[in-house]
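Sequential numbering from 1 along the given sequence is applied to the chain's residues.
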Amino acid sequence: MSVTPLFSAARNAMDRAYAPYSRFPVGAALKTETGAIHAGCNIENASFPEGWCAETSALSHMVMAGGGKVKEIAVVAEKMPRIMPCGGCRQRLSEFVADDAVLHLCDLDGVVETVPFSAVFPLGFTFEDGK
């Protein structure tokens with residue numbers, strides 16, 4: 001299975017990032033169980049921390065397109081190879097990931113490493129925790 005389309009979507013999203021304050025563009029792409037790909041970029045705001053991370057933006061696109069379970073996640077940053085989603089985004093992603101979801105850590109040329117999502121977010125809050 002090739003992750004090239006997923007990486008390409010993340011890379012293209014990174015190129016559209018609105019990051020005038022940090023100058024740290026990030027792109028993310030999600031692939032659902034149906035094979036649909038949804039991408040997003042970071043969108044900063046002068047009122048920190050009111051901006052959106054790339055993963056949050058991608059999740060928004062996925063939900064607006066009908067939702068689904070995320071099987072694969074690719075994240076790429078212009079200035080940091082192998083960037084990892086922040087803690088908040090890991091929690092947001094955990095709402096939607098399939099049990100066997102994987103996270104692709106990328107550099108500007110493609111996927112560098114693939115890890116199970118559960119390895120980078122083993123004990124997130126769940127619906128049951130909020131009852």
Side-chain angles (χ1 to χ4, degrees):
M1 174 173 54
S2 171
V3 295
T4 301
L6 188 65
F7 168 74
S8 294
R11 175 72 194 261
N12 289 337
M14 181 193 74
D15 291 339
R16 293 183 177 94
Y18 179 72
Y21 307 104
S22 70
R23 292 179 173 69
F24 194 87
V26 180
L30 314 172
K31 186 174 186 179
T32 66
E33 290 177 320
T34 65
I37 294 176
H38 306 280
C41 62
N42 56 323
I43 304 168
E44 295 180 347
N45 186 292
S47 178
F48 293 119
E50 295 304 316
W52 286 26
C53 294
E55 299 87 343
T56 301
S57 181
L59 281 169
S60 176
H61 285 113
M62 183 190 80
V63 169
M64 291 300 296
K69 282 288 190 183
V70 175
K71 293 286 286 181
E72 296 181 57
I73 306 154
V75 183
V76 62
E78 183 178 272
K79 298 179 181 179
M80 180 184 276
R82 296 169 39 116
I83 191 165
M84 186 71 69
C86 72
C89 284
R90 292 180 207 190
Q91 180 63 53
R92 287 180 197 96
L93 288 163
S94 74
E95 287 282 319
F96 300 96
V97 295
D99 290 339
D100 60 347
V102 295
L103 172 62
H104 303 292
L105 308 177
C106 305
D107 65 13
L108 293 179
D109 297 319
V111 175
V112 176
E113 182 180 356
T114 299
V115 296
F117 183 80
S118 61
V120 298
F121 198 67
L123 300 172
F125 292 110
T126 66
F127 177 76
E128 295 301 316
D129 294 328
K131 286 186 174 180

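Applying the salt bridge (charged side-chain N to carboxylate O under 4.0 Å, His left out) definition to pairs two or more places apart or across chains, none involves residues 44-57. Applying the ring-ring contact (aromatic ring centres under 6.0 Å, His included) rule to pairs touching residues 52-109 yields nothing, sequence neighbours excluded.
Ring pair Phe121/Phe117 is tilted by interplanar angle, where 30° to 60° counts as tilted.
Residues that satisfy the salt bridge (charged side-chain N to carboxylate O under 4.0 Å, His left out) test with Arg82, not counting sequence neighbours, are Glu113. Scanning for side-chain hydrogen bond (donor to acceptor under 3.5 Å, both in side chains) contacts around Asp15 gives an empty result, with sequence neighbours left out. Applying the side-chain contact (heavy atoms from CB on, under 4.5 Å) test to Ala54 and every residue at least two apart in sequence or in another chain returns Val26, Ala28. With sequence neighbours excluded, the residues satisfying side-chain hydrogen bond (donor to acceptor under 3.5 Å, both in side chains) with Thr32 are Thr34. Listed by chain and number, the residues in a side-chain hydrogen bond (donor to acceptor under 3.5 Å, both in side chains) with Ser118 amount to none (sequence neighbours excluded). Every residue was checked against the ring pair (Phe, Tyr, Trp, His ring centres under 6.0 Å) condition with Phe24, not counting sequence neighbours, and none meets it. Remark: Asp100 engages Lys71 in a salt bridge (charged side-chain N to carboxylate O under 4.0 Å, His left out) (not counting sequence neighbours).
Follow the hydrophobic side-chain contacts under 4.5 Å out from Met84 and you reach Val70 in the same cluster. Under the 4.5 Å side-chain heavy-atom criterion for grouping Ile, Leu, Val, Met, Phe, Trp and Tyr, Ile43 is not connected to Ile83 through any hydrophobic cluster. Grouping the Ile, Leu, Val, Met, Phe, Trp and Tyr side chains by contacts below 4.5 angstrom, directly or via other members, places Leu93 with Val115. Hydrophobic clustering, with ILVMFWY side chains joined whenever heavy atoms are under 4.5 angstrom apart, groups Leu105 together with Val120.
In this structure, Met14 belongs to a hydrophobic cluster whose other members, linked by side-chain heavy atoms under 4.5 Å apart, are Phe7, Val76, Leu108. Summarising the hydrophobic clusters (Ile, Leu, Val, Met, Phe, Trp, Tyr; side-chain heavy atoms under 4.5 Å, direct or chained), the residues clustered with Val102 are none. When hydrophobic side chains of Ile, Leu, Val, Met, Phe, Trp and Tyr are connected at separations under 4.5 Å, Leu123 ends up as a singleton with no cluster partners.
Taking both residues in full, the closest heavy atoms of Ala9 and Ala29 are given as CB-CB, 3.9 Å, listed atom of the first, atom of the second, then distance. Considering all non-hydrogen atoms of both residues, Cys53 and Cys89 come closest at CB-SG, 3.3 Å. Closest of all the heavy-atom pairs between Ala10 and Ala74 is CB-O, 3.8 Å. For Pro85 against Leu103, the heavy-atom pair with the smallest separation is CD-CD2, 3.7 Å.
Within the 4.5 Å cutoff, no side-chain heavy atoms of Ser8 are placed close to those of Arg11. Taking 4.5 Å as the limit, some side-chain heavy atom of Val97 sits within range of a side-chain heavy atom of Ile73. Between Glu72 and Thr114 there is no side-chain heavy-atom pair separated by less than 4.5 Å. Within the 4.5 Å cutoff, the side chain of Pro5 has heavy atoms near those of the Ile37 side chain.
Although no hydrogens or angles enter the test, the distance criterion places no donor-acceptor pair under 3.5 Å between the side chain of Asn45 and the main chain of Phe48. Distance alone, capped at 3.5 Å, is enough to place a donor-acceptor pair between the Lys79 side chain and the Arg23 backbone.
Atom NZ of Lys69 sits about 9.0 Å away from atom CE of Met62, to the nearest 0.5 Å. In this structure, CZ in Arg92 is found 8.5 Å from CG in Leu59, a value given to the nearest 0.5 Å.
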